[in-house]
Amino acid sequence: MGQYTRRKFLSAGAAGATAIGFAPLLAACRESVGEVAAPYAVFKGGLVLSTWDFGMKSNEEAWRVLQAGGAALDMAEKGVNLCEADLSALSVGLGGLPDREGKTTLDACIMGPDGKAGSVMFLENIRHPASVARRVMEKTPHVQLVGEGAYQFAISEGFTHDDYKNPEAEKAYRQWLTESKYEPVINIENHDTIGLLAMDTRGDIAGACTTSGLAYKMRGRVGDSPIIGAGLYIDNEVGGATSTGLGEAVIRTCGSFLVVEMMRRGATPAEACEEAVRRVMKKHDNWREFQVGFLAVNKAGDTGAFALQEGFSYALHKEGKGELVRSNWLKN
Ligand code: SD4
């Protein structure tokens, strides 16, 4: 084993498709992806990639977890925890910019190689939403918990209530109130939501995504980041993807799921991310006014990214060294 072949996937799919009478469709699909793809070895060197410049430190933390014997899921959780703990960050964790009522609300999710997932949305006063999401996944029969229910669950799991208010965020909010104009900002301070994809030395893939969401959003607004298939998606047979930017646009296109499904059909991570960005562009006349970026990894350990606008970067830690990679973007 240890080999992933598209042929294997297709023959498994063929049985199901024939049974429900989709054989002609499947035949066309087989032709479009090529009947025989060269099998490739699953990458087992371990790697981490995450959105934006602040991903560098999160990647290092995830790498430390790997070195200490941690699995992909631990790498993903602990990596993004580092970012959540930075209370000066204006776009992740309790220091994040508030909604238009002045309250910081957090969204996060996590997904493991076994296909299990957990998520919290519209969560307040808890420092590590990604860890609460992991508890939702591991300790409840559900995938998503929202608002007060998510908070109560967190408290029952031993997380502590935290009233922290970031003075910088409060100051920015007071300034915003003078005009109260809602406008998504492209590439906020060059760091935004953190979405992190981790691959361990077994070649298993997991991911986590955590954010305080768009600044000055309506109260109760939830973005893409905690939504499985939008802000994050993992299929351990294929790879993983995560997103940053205007959540509404990513939700409308099921962005991360789309990226993974395109990799399943043979696209490289970079090609799949570009195709998802083009889908966002086609569906939004105002696409020049906001940012969306995807990044992805496949089982061979290939990574890639693509964004609507210039300015998206991602942090990659592979073969023991970390680097910041500038993403390609739509130039027309
Ligand atoms: C959201 N995607 O809430 C997140 C936050 C983000 O630019 O990345 N903002 O829509």
Side-chain angles (χ1 to χ4, degrees), residues 49-55 58 80 83-84 86 89-100 103-110 119-124 129-130 133 144 146-147 150 169 172 176 182-197 207-233 241-259 273 276-277 280 283-284 286-296 305-315 327 329:
L49 66 163
S50 58
T51 51
W52 303 109
D53 307 23
F54 61 10
S58 285
V80 301
C83 206
E84 291 172 337
D86 177 1
L90 289 167
S91 52
V92 173
L94 289 175
L97 290 165
D99 64 17
R100 42 184 94 164
K103 298 191 171 129
T104 299
T105 68
L106 306 178
D107 295 339
C109 73
I110 195 160
S119 144
V120 289
M121 309 174 185
F122 191 44
L123 176 65
E124 290 173 74
Q144 304 171 169
V146 177
W176 178 80
Y182 179 68
E183 246 174 25
V185 180
I186 294 174
N187 303 330
I188 302 170
E189 293 182 352
N190 210 18
H191 59 75
D192 215 300
T193 293
I194 184 156
L196 184 147
L197 304 169
C209 188
T210 178
T211 188
S212 52
L214 293 183
Y216 319 127
K217 59 195 174 186
M218 286 176 72
R219 181 128 183 96
R221 180 265 188 189
V222 169
D224 59 323
S225 306
I227 297 182
I228 300 301
L232 177 73
Y233 195 70
T242 188
S243 68
T244 182
L246 185 68
E248 282 75 3
V250 177
I251 295 169
R252 287 185 194 110
T253 48
C254 291
S256 291
F257 181 73
L258 183 60
V259 171
C273 291
V277 165
V280 168
K283 290 187 181 288
H284 296 85
N286 64 336
W287 65 269
R288 288 176 201 278
E289 291 159 24
F290 61 88
Q291 175 65 301
V292 162
F294 292 100
L295 71 161
F306 204 82
L308 260 183
Q309 320 290 345
E310 186 174 9
F312 176 45
S313 55
Y314 69 98
S327 165
W329 71 97

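Computed over heavy atoms, backbone and side chain alike; hydrogens, waters and symmetry mates excluded. Remember, predicted model here, so these are calculated numbers, not experimental data. Each ligand, and each atom within it, is numbered from 1 in the order the structure gives.
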Asker: So is E248 polar-close to ligand 1, meaning N/O to N/O under 3.5 Å?
Answerer: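 No; every N/O pair is 3.5 Å or more apart.
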Asker: Only heavy atoms of D224, strictly under 4.0 Å: list the atoms of ligand 1 that pass.
Answerer: 1 (C), 2 (N), 4 (C), 10 (O)
Asker: Taking a cutoff of less than 4.0 Å between a non-hydrogen atom of the residue and any ligand atom, is Q291 in contact with ligand 1?
Answerer: no
Asker: So, is L246 polar-close to ligand 1, with some N/O to N/O distance under 3.5 Å?
Answerer: no
Asker: Under 4.0 Å from a heavy atom of T244: give me the atoms of ligand 1 that qualify, with their elements.
Answerer: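 What qualifies from ligand 1 is 8 (O).
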Asker: Just distances here: any N/O of G245 and N/O of ligand 1 closer than 3.5 Å?
Answerer: yes
Asker: If you count the atoms of ligand 1 from 1 in the order shown, which ones are under 4.0 Å from a heavy atom of G213?
Answerer: 3 (O)
Asker: About how many Å separate CG of L214 and OG1 of T193, when rounded to the nearest 0.5 Å?
Answerer: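 Answer rounded to 0.5 Å: 7.5 Å.
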Asker: Can you find an N/O atom of T211 closer than 3.5 Å to an N/O atom of ligand 1?
Answerer: no
Asker: Relative to the ring of Y216, is the ring of W176 parallel (under 30°), tilted (30 to 60°) or perpendicular (over 60°)?
Answerer: parallel
Asker: Measure the spacing between OG1 of T210 and CG of L106 and express it to the nearest 0.5 Å.
Answerer: 6.5 Å
Asker: Can you spot which of H284, R221, K217 makes a side chain to side chain donor-acceptor pair (under 3.5 Å) with E248?
Answerer: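 Of the listed residues H284, R221, K217, the side chain to side chain donor-acceptor pair (under 3.5 Å) partner of E248 is R221.
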Asker: May I have the step-by-step check of side chain to side chain contact (heavy atoms under 4.5 Å, CB included) for T105 and R219, ending in yes or no?
Answerer: CA-CA 9 Å; T105 68; R219 181 128 183 96; 3.6 Å; yes
Asker: Test side chain to side chain contact (heavy atoms under 4.5 Å, CB included) on F294 and L258 and set out the steps.
Answerer: CA-CA 11 Å; F294 292 100; L258 183 60; over 6 Å; no
Asker: Can you sort out which atoms of ligand 1 are near L214, meaning under 4.0 Å from one of its heavy atoms?
Answerer: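 That gives atoms 3 (O), 7 (O), 9 (N), 10 (O) of ligand 1.
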Asker: Should you measure from each heavy atom of S225, which atoms of ligand 1 turn up under 4.0 Å away?
Answerer: 2 (N), 4 (C)
Asker: Verify the distance criterion only: is there a donor paired with an acceptor across the side chains of S313 and D53 at less than 3.5 Å?
Answerer: yes
